[in-house]
Protein chains: 2
Amino acid sequence: MKIDPKSKADLSAQIAKAIRDAIISGDLIVDERLPSEAELADQFDVSRPTVREALKRLAAQSLIRTQRGAFGGAFVNRIAFEDAYGQQITTSTLLLSMNDVSFDVACEARFALERACAPISAMRRSADHLATMRAEIHRQSQPGLTDEAFCASDVAFHRALVDGAGNPVLSYQLAGAIEAIEPLMNMITFSARSREVIVSLHTEIADAIEARDTRRVDEALSELEAYSKKLAHEVASQRKDKTSTNT
Amino acid sequence: MKIDPKSKADLSAQIAKAIRDAIISGDLIVDERLPSEAELADQFDVSRPTVREALKRLAAQSLIRTQRGAFGGAFVNRIAFEDAYGQQITTSTLLLSMNDVSFDVACEARFALERACAPISAMRRSADHLATMRAEIHRQSQPGLTDEAFCASDVAFHRALVDGAGNPVLSYQLAGAIEAIEPLMNMITFSARSREVIVSLHTEIADAIEARDTRRVDEALSELEAYSKKLAHEVASQRKDKTSTNT
DNA sequence: AGACTTTTAAATGTCTGACAAATGAAATTA
DNA sequence: TAATTTCATTTGTCAGACATTTAAAAGTCT
């Protein structure tokens, strides 16, 4: 592992890249111990703080973990699906909030992905996932629920639907799409009437999943997508009216 | 922004979390300048190296960028879709390689997501994306192409299909799924016969996209998924035979 | 007055050296 | 043998210093 002395980039970034490449290429395998910070400093011919900054970069990506003490050090970390979920959600959330992605675009992406899971979920759904979906539907029909709690339950419902496909790779990919849109959904104020519509569509989805009727699931999801967009547009136009009145 | 003195975690990790939370919650907005390292060190009552380690963690996630010189400093970074693509691909690749995800599971996820894009892509496809797909098909039918080059072209073809949906959020989500599976595909040796089958399916997909025939696209993708799995299984069983012969 | 050059202050990047704290192995003792 | 202590190693943190970069501000010339 070497670094390019001609590069303009920070030393710590170059060192992080060198180690990251070694991990990705398989030169460093899971649970393998990296040289100590002092040794790395020698190898790369930099000071220890510089090495440490590089290691912190890698730690932020869950590529390594560190342990203090004798026989401690930095170890190549096996990225768990849970770690990846978290990173995925953080990145997706910021991506949406910082790039003024329209609600429609985010919504389209989210439901397209979810419809991709639905047929698989309908085939494989376990009693467990079905029970979770029913429980969340029940919660959603409770009166007096705040909009935030309603949205959170909505997220839980859809994650159960996705997890029902029994494919961790799909669950990982979908986690970002579903969770990241929640802040956008939270901006919608759900009237009693709109909650009723959503709950009935959720019920339709759960019934169709239970009956393994992929076509019905697909239709219900499409309806839910259309209804979500409609609600968002109503909120947007109301806000617009208010603004123009104030001006 | 405060840190918990009782926490056992590293100071730099706590500080990174505090700043990250401030960014996610919107307390720090895009392009806003953070206090200088010296000021942050004062505020959090730690030394400058510790602050720097925290900032490097955030930089690794593309949450901030730094600039040297007077009036430089750390700024909240607008995460671009390209940055997110890269992170997504790195994480997905490692996730697959480190958690012995089976080819079938990865393949199922990838094609499920791609089928989700296909109808939208069929509706919106531009001449540009269609041309890219045709060009990659042409490259794939050149004899003498290495397996790696064939796979790379395969990735380019499928990315064009996904990008054709004109939804950057979808493209971002799919980037990981499509690119991360490439190393697994690279392990397959493509015979002339199998390349022929794949090229014909790609042609079928391109034709169907051009004709805006969503059903045909879906069917062709399903066939391609089945064929990919079949090829992978053949490779796996051959390898198994070889191993048992050696033993 | 305007355009160009020089100075300067502020900030990050890097290094050195030091000490604290944790941790498991080895040596010691009951 | 089992429990305890010692010890070396390694990360975590700190203080202070210097190098480098950068853009604003001051100065200079036409």
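Per chain, numbering begins at 1; letters A, B, ... match sequence-line order. No experiment lies behind these values; they were computed from the predicted model shown.
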Contacts of A:Gln87 that satisfy side chain to side chain contact (heavy atoms under 4.5 Å, CB included) - sequence neighbours left out: A:Ser62, B:Thr91

Partners passing side chain to side chain donor-acceptor pair (under 3.5 Å) against A:Ser92 (at least two apart in sequence or in another chain): B:Tyr172

Leading and trailing nucleotides of DNA chain C with any atom under 4.0 Å from heavy atoms of chain B: C:dA9 to C:dT14

Listed once per pair and sorted, the side-chain hydrogen bond (donor to acceptor under 3.5 Å, both in side chains) pairs that draw on residues 147-156 of chain B, sequence neighbours left out: B:Glu136-B:Ser153, B:Gln140-B:Ser153, B:Asp147-B:Arg195, B:Asp154-B:His158, B:Asp154-B:His202

For B:Arg125, all residues meeting salt bridge (charged side-chain N to carboxylate O under 4.0 Å, His left out), sequence neighbours excluded: none

Contact boundaries on DNA chain D for chain B, cut-off under 4.0 Å to non-hydrogen atoms: D:dG12 to D:dA24

Interatomic spacing from SG in A:Cys151 to CE in A:Met187 - rounded to 0.5 Å: 11.5 Å

Which residues share a side chain to side chain contact (heavy atoms under 4.5 Å, CB included) with A:Gln67, sequence neighbours left out: A:Phe75

Residue met sooner reading DNA chain C from 5', once B:Glu37 and B:Pro49 are mapped to nucleotides: B:Glu37

A:Glu53 vs B:Gly72, nearer the 5' end of DNA chain C by closest nucleotide: B:Gly72

Non-neighbouring partners of A:Tyr85 that pass ring-ring contact (aromatic ring centres under 6.0 Å, His included), sequence neighbours left out: none

ring-ring contact (aromatic ring centres under 6.0 Å, His included) involving B:Phe103 - partner list, sequence neighbours excluded: none

DNA chain D-proximal residues of residues 58-71 of chain B, any heavy atom under 4.0 Å: B:Arg68, B:Gly69, B:Ala70, B:Phe71

Side chain to side chain donor-acceptor pair (under 3.5 Å) against A:Ser228, all qualifying residues, sequence neighbours excluded: none

Summary of salt bridge (charged side-chain N to carboxylate O under 4.0 Å, His left out) pairs that have at least one residue in residues 100-112 of chain B, sequence neighbours excluded: A:Arg124-B:Glu108, B:Arg110-B:Glu114

